[in-house]
Each structure stands twice: as structure tokens, then as C-alpha cells.
Undergrad: 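Quick one: the structure is below, and I'll ask about it shortly.
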Amino acid sequence: MKRRQIWFRLWVVFLIHLVIKSFDLSFPNGPFEISLRSLVFSLFFLIYGMGIWYGADRANHFFQRLVGKQSNERKRIALLTLLHAVFGFVLLLSFNHLYRLGDIELFNNGEVWESVLFFNPELTVSLLCIYLIVVGFDGYFQTQKRLQEQLLRAKELEKENILAQYKALKAQIEPHFLFNSLSVLSSLVYEDADLSADFIVKMSKTLRYIIEKNEFHLVTLSEELEFLKAYFFLIKIRLGEGVFLDVELEKKFVESTFIPPVTLQLLVENAVVHNKYNPNDPLRISIRKEGNHMIVCNNLNLRNDKETSTQTGLKNLSRRYELLCGQNVEAEATANEFVVRIPVLNTTDYERFNI
């Protein structure tokens, strides 16, 4: 909790405490009465009030999960209000009881409480109404704040996404990609007509995917893998037994997971660009799941003529994930392999950004 928020809440609780003391006849000189009893009551109210507010925050998270998503928003709000009313009533009843006990034991004011019911409806109900009003307003402002933050993140993501789309499209359509693909195709036409036809289909799928999906922040993992399959087909035809791709992902996971478009292609391309590949020492790329991350790794056999990598692609990808879910893409190079860990995104992330 930020310091500014703590001071704001403390100020609100202090004002509520002044209102309560104004109506409490046991303080004949009003809310600003200077006495030990008045000071103890104020301190007790402030500490207990801040504790209730903190408890209400924690309880609200639990209630949100308990109620879940409701098709009827009014029903959802009614259920949350009912749960908070019960929670607040229990806490405020305990506050009333502790106030009574403290007043009797510390200040010998037992005669003041003889005519007051244990429930003390004037105090308990008043505080409960104030509690529900404060929780309601606090929840409203917190929701507005989250929506504002999501809007800003979405705008930032849009900028990052446009840049990533441009780079991805440029990487696929730049001359060396087309030159290599057309060179392979020209030789295939004379050697294997069926294979050349497959090559043309896969190449068109690769370009079509980039063009069609560039407006989306996230796509299904199954779509991304279909695209990767077509892209890797082009690489496999060109490099033959010098490169292998192994996808070790369960069907259920693939169908329920989302990913920024062209993510896997970027990582596979990086592996191919920076490493040697030949049948005697092939480049092996694998994709698997570990916990809440998807792992893309390859054995290290760096090229002698490689240029110094700026890792712009990985930095851009990490930035996109940071905007999407607040997590980063982790990259680690060991003595034998290069490992990239991608956070797993689910339906909630998709619904938040693909509106």
C-alpha cells in the first residue's frame, strides 16, 4: 500500500471518528474533548478503523473470487454487498464490544453501559452504514483506477505491437528471405513438382499469417504453432538435416494458451541465424512447458562469422509481455544451450487486450 493511500485512509477514519464522537453523549465537551478517555478512544478508533479497512481489502479479493463472474452484474453487486454487510457487521459488533469492555475496565463507566444493549444498534448500525458507503466508494475508485491503468497499458502495447508487426513483416519480406525462398523454389520446380507446390503453399501461409494477425495483441497457441510449422517447413527444405524442431506440448495446453503473434517464429529464427547447422552437428530447437512458462531452447553452436547481437527482438518481445501481463521474457545462455522462458497467457489476458 502506498504512503499516500495510507495517509488518505487515516484522514477518512479520523473524520469518521469525529462524527461518532459528536453523537456520543459520553463526551459532553464534543469530539475535541481533551481527556485521557477521549484520547484512548481516538487512538483505539483509528487503529481499529485502519485494521477494518485493510481487512475489507483482503476480504474483497476473497469475495470477488467467491462470487466469480456473473452474467447479471446487479446480482453480482448484490452478493458482494451482502457478503461485506455480514463481514462488516461482525467486525463492528466486536468493535462495539471492545469499546464497552475498555470503557468499563479502564474508566469504571459501567453505569453508562447498563442501559445500553449488547448489540448497541445506534453505534453498530451507524458504523455498518458508514462501512458499506466507504467500501462502495473505495471499490468504485479502485475499479476506475485499474481501468485507467489498463487503458494506458493498452495504448503502450498498441505502440509496441505496431513496431513488432513492422519488424516481423520486414523480417519475413526482406530481400534475403525472399531470395533464399525463391532460390530453393526454383531448384525444387525441376526436381520435385509436388514438393515445390507444398513449398509455395507454406510460404503463402507464412506471409498471410503475418499480414492477417498483425492487428491482434494475442492469438491462440494452436494458430501460432500452425504458422511455425509452415515457417519451419521453409527452413527445413533449405537446411535439410542441419536443423530439427521438437514441440513437446499437450493438446489441452495448446488449445487454452495465448501468445503474441510471431513470438515462436522470432525465437526459432534467432536460433537459426546465430548458430551453425549441418548434418554432423545439427541445430536442435525444442518447445516445451515448465510450470507457468513455455520454454524455447536450442543447443549452442555459434557461428564464427556472427555479428554482435543487440537482442533487439528479445527486448521487444519482453516489453510486449511486460505490458500484457506484467512479467518479462527470461533469456539465459549456458555452456551448452540457449534458453528462453515465456510467461503462459490465458483467456483472461486475451479478453483484456483483444477487444
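What's counted below: heavy atoms across the whole structure, side chains too, no hydrogens, waters or symmetry copies.
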Undergrad: For the aromatic rings, using the six-membered ring if either is Trp, is the centroid distance between Tyr131 and Phe89 under 6.0 Å?
TA: no
Undergrad: Let's go through Arg319 and Glu322 carefully: what are the C-alpha distance in whole Å and the side-chain angles of both, what is the deciding distance for salt bridge (charged side-chain N to carboxylate O under 4.0 Å, His left out) to 0.1 Å, and is it a yes or a no?
TA: CA-CA 5 Å; Arg319 177 60 178 159; Glu322 184 181 351; 3.7 Å; yes
Undergrad: Please check: side-chain N/O of Ser318 versus main-chain N/O of Leu314, any donor-acceptor pairing under 3.5 Å?
TA: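 Not confirmed, Ser318 side chain does not pair with Leu314 backbone.
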Undergrad: Salt bridge or not between Asp246 and Arg288? Use side-chain N to carboxylate O under 4.0 Å.
TA: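 No.
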Undergrad: Is the ring centre of Tyr209 less than 6.0 Å from the ring centre of Tyr231?
TA: no
Undergrad: About how many Å separate CZ of Phe227 and CD of Glu212, when rounded to the nearest 0.5 Å?
TA: 12.0 Å
Undergrad: Please determine whether a side-chain nitrogen of the Lys or Arg among Arg341 and Glu332 lies less than 4.0 Å from a carboxylate oxygen of the Asp or Glu.
TA: yes
Undergrad: Please answer: with hydrophobic residues joined when any side-chain heavy atoms are less than 4.5 Å apart, are Phe95 and Leu101 in the same cluster?
TA: no
Undergrad: Main chain of Phe14, side chain of His17: is a donor-acceptor contact present, judged purely on distance under 3.5 Å?
TA: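 Here the side-chain-to-backbone pair exists.
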Undergrad: How close do Ser38 and Pro31 get, counting heavy atoms only, and between which atoms?
TA: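 For Ser38 versus Pro31, the nearest heavy atoms are OG-O, 4.5 Å.
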Undergrad: Going through the checks in order, is the side-chain contact (heavy atoms from CB on, under 4.5 Å) test met by Leu234 and Met203?
TA: CA-CA 7 Å; Leu234 305 181; Met203 185 175 176; 4.1 Å; yes
Undergrad: Taking atom OG1 of Thr206 and atom NZ of Lys202, what is their separation to the nearest 0.5 Å?
TA: 9.0 Å
Undergrad: What's the spacing between Phe63 CZ and Leu82 CG if we round to 0.5 Å?
TA: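 With rounding to 0.5 Å, CZ (Phe63) is 9.5 Å from CG (Leu82).
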Undergrad: Taking only residues two or more places apart in sequence or in another chain, which ones pass side-chain hydrogen bond (donor to acceptor under 3.5 Å, both in side chains) with Asn120?
TA: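 With neighbours one apart ignored, the set is Asn96.
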Undergrad: Within the distance-only criterion (no hydrogens, no angle test), does the side chain of Lys315 pair as donor or acceptor with the backbone N or O of Leu317 below 3.5 angstrom?
TA: no
Undergrad: Determine all donor-acceptor pairs shorter than 3.5 Å in which one atom belongs to a side chain in residues 247-262; sequence neighbours excluded.
TA:
unit_1	atom_1	unit_2	atom_2	d
Ser256	OG	Lys252	O	3.0
Ser256	OG	Phe253	O	3.4
Thr257	OG1	Phe253	O	2.7

Undergrad: Kindly say whether Val243 contributes a backbone atom to a donor-acceptor pair with the side chain of Lys236 at under 3.5 angstrom?
TA: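 Flag set: sc Lys236 to bb Val243 pair under 3.5 Å.
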Undergrad: Evaluate the side-chain proximity of Leu267 to Ile287: yes if any heavy-atom separation is below 4.5 Å, no if none is.
TA: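 A side-chain contact under 4.5 Å is absent here.
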Undergrad: Same cluster or not: Val40 versus Leu98, using hydrophobic residues (I, L, V, M, F, W, Y) connected whenever any side-chain heavy atoms lie under 4.5 Å apart?
TA: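 The answer is no; the residues belong to distinct hydrophobic clusters.
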Undergrad: Got a second to check how far Leu128's CG is from Leu132's CG, nearest 0.5 Å?
TA: 4.5 Å
Undergrad: Can any side-chain N or O of Asn275 pair as donor or acceptor with the backbone N or O of Ala271 at less than 3.5 Å?
TA: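 Here the side-chain-to-backbone pair exists.
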Undergrad: State which residues pass salt bridge (charged side-chain N to carboxylate O under 4.0 Å, His left out) with Arg284; sequence neighbours excluded, sorted by chain then number.
TA: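 Expected list: none.
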Undergrad: Using the rule that two of Ile, Leu, Val, Met, Phe, Trp, Tyr join whenever any of their side-chain heavy atoms come within less than 4.5 Å, decide whether Leu83 and Leu127 are in one cluster.
TA: yes
Undergrad: Do Tyr48 and Ile16 share a hydrophobic cluster, counting only Ile, Leu, Val, Met, Phe, Trp and Tyr and linking them when any side-chain heavy atoms are less than 4.5 Å apart?
TA: yes
Undergrad: Quick check for you: to the nearest 0.5 Å, what is the distance between Ile52 atom CD1 and Ile47 atom CD1?
TA: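 So the CD1 of Ile52 and the CD1 of Ile47 are separated by 12.5 Å.
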Undergrad: For Ile235 and Leu245, run side-chain contact (heavy atoms from CB on, under 4.5 Å): C-alpha distance rounded to whole Å, both residues' side-chain angles, the deciding distance at 0.1 Å, then the answer.
TA: CA-CA 10 Å; Ile235 294 178; Leu245 176 65; over 6 Å; no
Undergrad: Quick one: closest heavy-atom pair of Met50 and Ile6, and the distance?
TA: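 The pair with the smallest heavy-atom distance is CE-O, 3.9 Å.
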Undergrad: Do Gln265 and Val268 touch side chain to side chain, with heavy atoms closer than 4.5 Å?
TA: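 They are not in side-chain contact.
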Undergrad: May I ask you to test the Ile20-Leu123 pair for a side-chain heavy-atom distance under 4.5 Å?
TA: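 A side-chain contact exists here, since the closest heavy-atom pair is under 4.5 Å.
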Undergrad: Judged by atom type as modelled, is there a donor-acceptor pair below 3.5 Å linking the side chain of Ser126 to the main-chain atoms of Glu122?
TA: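 At least one qualifying donor-acceptor pair exists.
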Undergrad: In this structure, which one of Lys21, Glu33, Arg37 forms a side-chain hydrogen bond (donor to acceptor under 3.5 Å, both in side chains) with Ser42?
TA: Lys21
Undergrad: Given 3.5 Å as the limit, does a donor-acceptor pair link the side chain of Asn299 with the main chain of Pro282, or not?
TA: yes
Undergrad: Examine Phe41 together with Tyr99 and report whether their ring centres are nearer than 6.0 Å.
TA: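 Distance test on ring centres: under 6.0 Å, yes.
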Undergrad: So, does Glu224 use its side chain to make a donor-acceptor pair with the main chain of Thr263 at under 3.5 Å?
TA: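 Yes, the answer is positive, given that a donor and an acceptor are paired below the 3.5 Å cut-off.
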Undergrad: What's the spacing between Asn60 CG and Leu66 CG if we round to 0.5 Å?
TA: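 Answer rounded to 0.5 Å: 11.5 Å.
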Undergrad: Do Phe32 and Leu39 land in one hydrophobic cluster if side-chain heavy atoms of ILVMFWY residues count as linked below 4.5 Å?
TA: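 No, separate clusters.
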Undergrad: State, yes or no, whether a side-chain contact exists between Met294 and Lys289 at a heavy-atom distance under 4.5 Å.
TA: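 No, their side chains stay 4.5 Å or more apart.
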